[in-house]
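Structure record follows, encoded as structure tokens.
None of these values were measured; they are calculated from a predicted model. Positions are given from 1, in the same order as the sequence printed here.
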Amino acid sequence: MTTRTSAPDTDGGTAAAEETVAILAAGTGRWLGLHAGRLDSPAGRAELPVTPRVKALLQLALLCRCWQKAAPDDNALEPVLAVVEHAWRRPDFPHLLAHSPDSARPFGLIWAALAPAGSVTDARRGVLDRLSADGYLTPRRKSPYLHLGTRFYAELAGLGHELAPYEELYACSMLARAEDVPVAELDVCQVTDTVFYLSDYGFRDTCLDAENRERALRVVERLTEHCVREDAWEYAAKLLLAQHCLGSDPLRTPSGTAALGMLAGARSPDGSLPGKTARGQAPGSAPPQQYFRWAYQPTLVTALTTLLLADGRRPHPVPTTAPPTARRTR
């Protein structure tokens, strides 16, 4: 786990923030357990376009992977994991990945990397073999952002590759160049995903030295403040997690506590986040299937963030092995 840096808690505010994190984690996890099955239901397959539905299932699998690492004994995980396991057993799922030509290879790699234990072994091997054979696991003409994500998921899938080291990929990233860029011109997803891939969502230290880490943290905190001003709920949740992955304690930073308070205020009684932003939330009259489309992604992101924030505050044994090397593997 990443080492945390924080100021002493002198007023009990952190204890209240920890309680808020627990409430958000429980509510969002419960909502997903009740509703995520729509993604792989006959109704969901009829209502939802193929590519957004596949992407949503991949996001759910990522959540389950982190959830299993952080809180494997959490009973709330079981119904969510069951959705992923059922979807990955469907023989038509690999074909759905290729529905959009532009996303076929990245979706295929992510699908193979996040496959639940023991699922679709032959189909998974076939996808990975095709990715290796067609040169996808080489630098080619990939943007730094795509290059970084490809390396992360290739290593998660256990594939050899010829992709650049994490240090090089960070140096070419938007995040590395962002300190003097106006926040309105920054892509929050590129910034946060860069942090997530470098740190494996907080489960390992980043490759950044102290100077680069502090520079990245300043960018993330500035973006968090901006998203709080804009009432951008989903982005604020991602940035809270990025602060955590960079070794900060977002429950003790002004931007982090403001973002957490905003998410708590946005939460619906059923535990979900009703939209990505305050201006872009589901209308009160939305039927269940429409509400699901508005609420699913911000609720999942908030669940992932609060789950990992809670995990980061529990004591963990000191690892006995070194973190993965950042060099090329072949």
Side-chain angles (χ1 to χ4, degrees), residues 6-7 9-36 59 63 66-67 70-71 76 80 183-184 186 188-189 191-192 195 202 217 220-246 248-288 290-313:
S6 60
D9 179 20
T10 58
D11 59 2
T14 303
E18 289 175 347
E19 183 178 2
T20 300
V21 166
I23 291 170
L24 284 166
T28 52
R30 182 172 58 251
W31 188 87
L32 289 167
L34 290 171
H35 298 284
Q59 292 167 335
L63 170 67
C66 293
W67 203 335
V80 183
V183 288
L186 294 174
V188 173
C189 291
V191 168
T192 54
V195 176
L217 189 55
V220 169
E221 289 182 342
R222 188 161 56 97
L223 261 177
T224 309
E225 293 167 355
H226 173 73
C227 289
V228 169
R229 290 193 298 270
E230 295 293 313
D231 280 327
W233 300 336
E234 181 183 332
Y235 284 166
K238 286 188 173 188
L239 290 158
L240 270 175
L241 181 53
Q243 289 191 29
H244 165 83
C245 293
L246 285 168
S248 179
D249 184 350
L251 305 193
R252 297 183 181 182
T253 66
S255 64
T257 54
L260 184 65
M262 181 179 69
L263 293 172
R267 183 179 69 101
S268 296
D270 64 1
S272 64
L273 273 290
K276 295 184 177 186
T277 68
R279 291 186 293 274
Q281 60 181 303
S285 60
Q290 182 182 352
Y291 184 83
F292 177 83
R293 297 178 71 168
W294 288 74
Y296 173 77
Q297 189 164 316
T299 302
L300 182 144
V301 170
T302 304
L304 176 63
T305 292
T306 51
L307 172 77
L308 295 182
L309 288 182
D311 176 60
R313 310 192 77 79

Enter the distance from [X]:[atom1] to [Y]:[atom2] here, rounded to the nearest 0.5 Å.
X: Thr306; Y: Asp311; atom1: OG1; atom2: CG; answer: 11.5 Å
X: Leu309; Y: Leu24; atom1: CG; atom2: CG; answer: 9.5 Å
X: Gln297; Y: Thr302; atom1: CD; atom2: OG1; answer: 10.5 Å
X: Thr277; Y: Glu230; atom1: OG1; atom2: CD; answer: 9.5 Å
X: Thr28; Y: Ile23; atom1: OG1; atom2: CD1; answer: 11.5 Å
X: Leu32; Y: Arg30; atom1: CG; atom2: CZ; answer: 11.0 Å

Practice task
Check whether any side-chain N or O of Ser272 sits under 3.5 Å from a backbone N or O of Ser268 as a donor-acceptor pair, and report yes or no.
Solution key: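 Such a contact is absent between Ser272 side chain and Ser268 backbone.
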Practice task
Could you tell me whether a side-chain N or O of Thr299 sits under 3.5 Å from a main-chain N or O of Leu273, the two making a donor and an acceptor?
Solution key: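 Between the backbone of Leu273 and the side chain of Thr299 there is a qualifying donor-acceptor contact (under 3.5 Å).
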Looking only at heavy atoms, what is the nearest atom pair of [X] and [Y], with distance?
X: Ala236; Y: Ala259; value: CB-CB, 4.1 Å
X: Lys238; Y: Thr305; value: N-OG1, 4.3 Å
X: Leu304; Y: Cys66; value: CD1-CB, 3.7 Å
X: Ala242; Y: Val220; value: CB-CG1, 3.9 Å
X: Trp233; Y: Gly275; value: CE3-O, 3.1 Å
X: Ala237; Y: Val301; value: CB-CG1, 3.8 Å

Practice task
Give me the ring orientation class for Trp31 and Tyr291: parallel if the planes are under 30° apart, tilted from 30 to 60°, perpendicular past 60°.
Solution key: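 Judged by the thresholds at 30° and 60°, the geometry between Trp31 and Tyr291 is perpendicular.
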Practice task
Kindly indicate whether the side chain of Glu221, heavy atoms from C-beta on, has any atom under 4.5 Å from the side chain of Leu217.
Solution key: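 In contact.
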Practice task
Report yes if some heavy atom in the side chain of Asp270 is under 4.5 Å from a heavy atom in the side chain of Leu34; otherwise report no.
Solution key: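 A side-chain contact is absent here, since even the closest heavy-atom pair is not under 4.5 Å.
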Practice task
Please identify each residue that fulfils side-chain hydrogen bond (donor to acceptor under 3.5 Å, both in side chains) with Trp67, with sequence neighbours left out.
Solution key: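 Once residues adjacent in sequence are excluded, the partners of Trp67 under the side-chain hydrogen bond (donor to acceptor under 3.5 Å, both in side chains) criterion are Asp74.
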Exercise for the section: Indicate whether the side chain of Thr224 and that of Gln243 have a donor and an acceptor atom separated by less than 3.5 Å. Expected result: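 Yes, a side-chain donor-acceptor pair sits under 3.5 Å.
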Handout entry: More than 12 heavy atoms of other groups within 6.0 Å of Glu19 CD
Key =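 For Glu19, atom CD is not crowded (no more than 12 foreign heavy atoms under 6.0 Å).
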Handout entry: Partner residues of Val188 under the side chain to side chain contact (heavy atoms under 4.5 Å, CB included) criterion, sequence neighbours left out
Key =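 Counting only residues at least two positions away or on another chain, Val188 forms a side chain to side chain contact (heavy atoms under 4.5 Å, CB included) with Thr192, Leu223, Cys227, Tyr235, Leu239.
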